[in-house]
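Here the structure comes first, spelled out in structure tokens, and everything after it is commentary.
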Amino acid sequence: MRYDHQKIDKKWQDFWQESGLFSTDEKSDKAKFYCLDMFPYPSGVGLHVGHPRGYTATDIISRYKRMNGYEVLHPMGWDAFGLPAENYAIKNQVDVKKATQKNIDNFREQIKRLGLSYDWSRELSTTDPEYYKWTQWIFIQLFKKGLAYQSMLPINWCPSCKTGLANEEVINGECERCSTKVEKKKIRQWVLKITKYADRLLDDLESLDWPEKIKEMQRNWIGKSQGAEIVFSIKNEKESFNEKIKVFTTRADTLFGATFIVLSPEHKLIDKIKEEASNRDEIERYLKESQSKSDLERTDLTKEKSGVGVKGFFAINPADNSKIPIWVADYVLASYGHGAVMSVPAHDQRDYEFAKRYNLPIKEVVSGGEISKEAYIGEGELLDSNDFSGMSSQEARGEMVDHLEKRGLAQKATSYKLRDWIFSRQRYWGEPIPVIHCDNCGVVPLNEEDLPLKLPEVDNYQPTGTGESPLAAIEEWVETKCPKCNAKAKRETNTMPQWAGSCWYYLRFIDPRNQEKLISSEKEKKFMPVDLYVGGAEHAVLHLLYARFWHKFLYDIGLVSTKEPFAKLRNQGLILAQGGQKMSKSKGNVVSPDELVKEYGADAFRLYEIFIGPFEDAVEWNPRGIVGTRRFLEKVYDLELSVKKDDSGEDKLLHQTIKKVTEDIERFKFNTAISSLMILVNHYKKEGISRDSFEALLKMLSPFAPHTAEELWQKIGNKESIMLCDWPKFNKSLAEEDQVKIIVQVDGRLRETIEVASDLSQEEVKNIALEKENVFKRVGDKEIKKIVFIKNKLINFVL
RNA sequence: GGGCGGGUGGCGAAAUUGGUAGACGCACUAGGCUUAGGACCUAGCGCCGCGAGGUGUGCGGGUUCGAGUCCCGCCCCGCCCACCA
């Protein structure tokens, strides 16, 4: 075998490492290009074939951009805090830190064997105290600005992981990691006020070159709706009790149809009225029942809605002062709006179902539906609504609020689905939250010069399950002095969630060893924003929203100069196991790159990773597929033996290929770029190749298959790395065809193709075409009604 | 239920503005080379048909000289969200 990939891979990987060709020159005056991968969580399983799909893409772009004269920043690091490492360590009785380091070392080796052009001098890990020092620093700034606060909250609690979870980590009522049913638990939590940034997070999406799908997911997650708050008075029969509650609605126009009020079981008013309600026991029973339900059960749409009426009390509908009943039902969420709704069964499907079940009145106030069958949620003309009757529902939406606003009973309001970010975890393996609880001073942040607050060594990472982190058991760490008054005080024992470190790592890559600051503003200005960010779509509302939030905060405190961190985002599609299943450790169908790289070489592997299908589509891994890209590389390798000494003039296909490959790289269409390189190589194999063409071919190949390209580049006598070459330019006139194939159709059906000089006129083409047997025998002496002619493409005789 | 994708050979897939459907690759078939081949070379490879030819991009209709591509109606699959008032 001439093409000894093992030797070649090693030779060039060593060369690149020593040459420093991948390191970014911060002082360069070239235009910068910041090309970033979502850094991996270094799991114990190691790399699987899904990771390198994105890494290969960014590597192609990075190498391509360097050849186009850019100073490229292309770093790699490790998102290494988090539950899996901790769980693994508990299970296998090993040291988390050591286990994590081992995983990192393994990942790094695996990645290096792929010949990816990372600037390894910038490598970082979120678990390094020199790194998390600044994560903690950011937390302190958030705290100082009032954006980090404590709250006793019924939080999502995973009884298996024994920790609180963010809303985003709860999937269908189950823990994202271990699929245990999530429970509600009230504990003290640190919360970040991401809701303060809701509007900016929403509005600035417009400016981003991101997949529309991801932007839409973020919009939905933020879930802004414009509507109104309407005030309902709550009274008892004797009218000795008089309170007011607010409800949020997007359909103020249907107010005359509000026939009852529904409170969520957690609503504050319930405590005040249940004692006096004549069916107190019934209410208590219902509250208990819904409290014991998990989120999963409460939101199960297939189940009938349940609720209980509050007897002895009623609400006043401010539209017509009618008395309407009050109900408690857990289909109303405490966490949205004001935790209470005005129920308009005629025009809301949920209220409709509820009213049907409990025989509550259904009053139609918007025309256009068939209320006997289902709720009508569309627009129409108002009915039965006093002065508003006859008005269009759209118009009434605003008018109704204006009208009530004069009496202080309503106002325009905006509601969001986005909740504040529950930021503390009752676990060990995360960044310690750098605050101290002092009896005199309250919560006091650490002095910045005392950062990093290092994680103490422990023997036991078992979560306590009491809502306290394992750190709470380390007395000598917990007991400390207040930075303000020097009295005895206790450290916060909660840690930050996994997402913390990934919220700002892209900044640290720009200035990774800065001891004084998180990032020098000079360097930040030079390299931000990230020009291209590539990773999986599964981070659409987690990492990508959190990072944008932190970035905007850092912008507000003057640390960064751009409003958004990631200018352009692309998602790689999943690589599925054979059979279309997701690859996972538990299914045992994870394909590792190691053996493939060993058997076929890094370049064949890289090529197959992106030749397999469109970059953003999910594809099934076909273990045979790599054979094709391997054969292609062997063909290229053998071409070197037949390179002709003399240059044989114009090479049209070469220039067409340069054009095609260049455009395809820019458009992320790597699969078709490779296919056109294959066509070119097949052509040369038959026709022979000149030295100039071979050099151009190698340059084009070098971002995709860098080891092979370097080796052949050297073999034909070049001294310097091919990386230092300019990207080949195509000659426009050469890239155009001077002979074209023209389709000849009769009545729209293909009858002949003719090859003629380009740019012939209709008349010339017509005459040539009509001489062809397949054409004239069909045309015969029939009348040609019309000729459709498209230059260089087609002529169609319509009879 | 809502949002976003998608449906093209045995398989992964190509196909700027409507203009040769199936490029490129895998698998397969035949022949060659060979002590041997899971290597290589040559040819073939949507379906029906010996052939001319017909037919063909989820299904049904439409626009057009011409539709994978545009319009109307339906079916199916994937992902994400989901009692958000």
Side-chain angles (χ1 to χ4, degrees), chain A residues 1 171-172 211-217 219-221 223-225 227 247-251 254 258 262 264 298-301 303 305 329-333 335-344 347-351 353-354 377 415-419 537-538 540-541 573-574 576 578 580 607-608 611-614 616-632 634-635 638 663 667 669 671-682 685 741-753 774 784-790 792-799:
Chain A
M1 185 175 52
I171 309 296
N172 289 331
E212 199 44 47
K213 181 185 156 191
I214 302 291
K215 291 204 221 176
E216 195 56 29
M217 282 165 75
R219 282 186 203 111
N220 290 341
W221 193 264
K224 181 176 185 173
S225 14
V247 303
F248 176 78
T249 179
T250 54
R251 291 296 300 269
T254 63
V262 186
S264 72
R298 266 185 76 162
T299 58
D300 187 352
L301 284 166
K303 274 194 188 150
K305 297 186 188 354
D330 61 13
Y331 80 90
V332 173
L333 306 174
S335 57
Y336 185 77
H338 296 282
V341 300
M342 62 179 219
S343 252
V344 185
H347 305 291
D348 180 286
Q349 191 55 32
R350 295 153 301 185
D351 297 343
E353 285 164 26
F354 193 75
I377 57 171
S415 197
Y416 299 88
K417 290 187 206 173
L418 184 70
R419 303 281 72 142
E538 67 274 17
V541 285
L574 280 177
L576 304 166
Q578 272 184 297
L607 282 175
Y608 183 57
F611 183 64
I612 189 166
E616 308 217 33
D617 289 6
V619 284
E620 244 178 73
W621 186 257
N622 174 359
R624 294 207 161 266
I626 193 170
V627 171
T629 52
R630 165 71 194 197
R631 283 181 193 149
F632 164 68
E634 284 173 7
K635 279 187 214 170
D638 287 341
E663 288 167 357
R667 290 185 306 163
K669 302 191 76 170
N671 53 334
T672 51
I674 291 175
S675 121
S676 53
L677 286 172
M678 285 172 167
I679 293 169
L680 185 67
V681 168
N682 290 342
K685 212 187 148 190
K741 279 183 185 162
I742 291 191
I743 304 152
V744 184
Q745 296 181 328
V746 179
D747 279 335
R749 311 197 70 117
L750 174 76
R751 294 304 174 189
E752 190 70 61
T753 63
N774 271 331
I784 298 174
K785 278 191 195 151
K786 188 176 165 188
I787 295 178
V788 180
F789 177 72
I790 292 161
N792 294 340
K793 280 242 163 103
L794 156 149
I795 188 160
N796 184 9
F797 299 100
V798 186
L799 304 180

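Letters A, B, ... are given to chains in the order of the sequence lines, protein chains preceding strands, and every chain is numbered from 1.
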CZ of A:Phe354 versus C1' of B:A85: gap in Å, rounded? 14 Å

Do A:Ile787 and A:Ile795 touch side chain to side chain, with heavy atoms closer than 4.5 Å? yes

A:Asn682 side-chain N/O to B:G25 phosphate OP1/OP2 under 4.0 Å: yes

Evaluate the criterion side-chain hydrogen bond (donor to acceptor under 3.5 Å, both in side chains) for residue pair A:Asn682 and A:Lys635; output intermediate values, then yes/no. CA-CA 8 Å; A:Asn682 290 342; A:Lys635 279 187 214 170; 3.0 Å; yes

Base, sugar-phosphate, or nothing: which does A:Val332 touch, judged by heavy atoms less than 4.0 Å apart? base

List the protein contact pattern of nucleotides 40-47 of chain B with one symbol per nucleotide (5' to 3'): B for base contact, S for sugar-phosphate-only contact, - for none; contact means a heavy-atom distance under 4.0 Å. SS------

Measure from the side-chain heavy atoms of A:Lys786 and tell me the nearest of B:C26, B:A85, B:C65. B:C65

Would you indicate whether A:Ile377, at its atom CD1, is surrounded by more than 12 heavy atoms from other residues, nucleotides or ligands within a distance under 6.0 Å? no

Using a 90° cut-off around 0 for syn, call B:G9 syn or anti. syn

N/O contacts under 3.5 Å, protein versus nucleotides 13-23 of chain B?
from, atom 1, to, atom 2, distance (Å)
B:A14, OP1, A:Asn671, ND2, 3.1
B:A15, OP1, A:Lys669, NZ, 2.9
B:U17, O4, A:Lys793, NZ, 3.0
B:G19, N2, A:Gln745, OE1, 2.9

side-chain N/O A:Lys213 vs B:G5 OP1/OP2, d < 4.0 Å: no

Just checking A:Ser415: base, sugar-phosphate only, or nothing, at a heavy-atom cut-off of under 4.0 Å? nothing

Which residue lies more 5' along RNA chain B, comparing A:Met217 with A:Gly628 via nearest heavy atoms: A:Gly628

Between A:Ala340 and A:Asn622, just flag the one whose closest nucleotide in RNA chain B comes earlier from the 5' side. A:Asn622

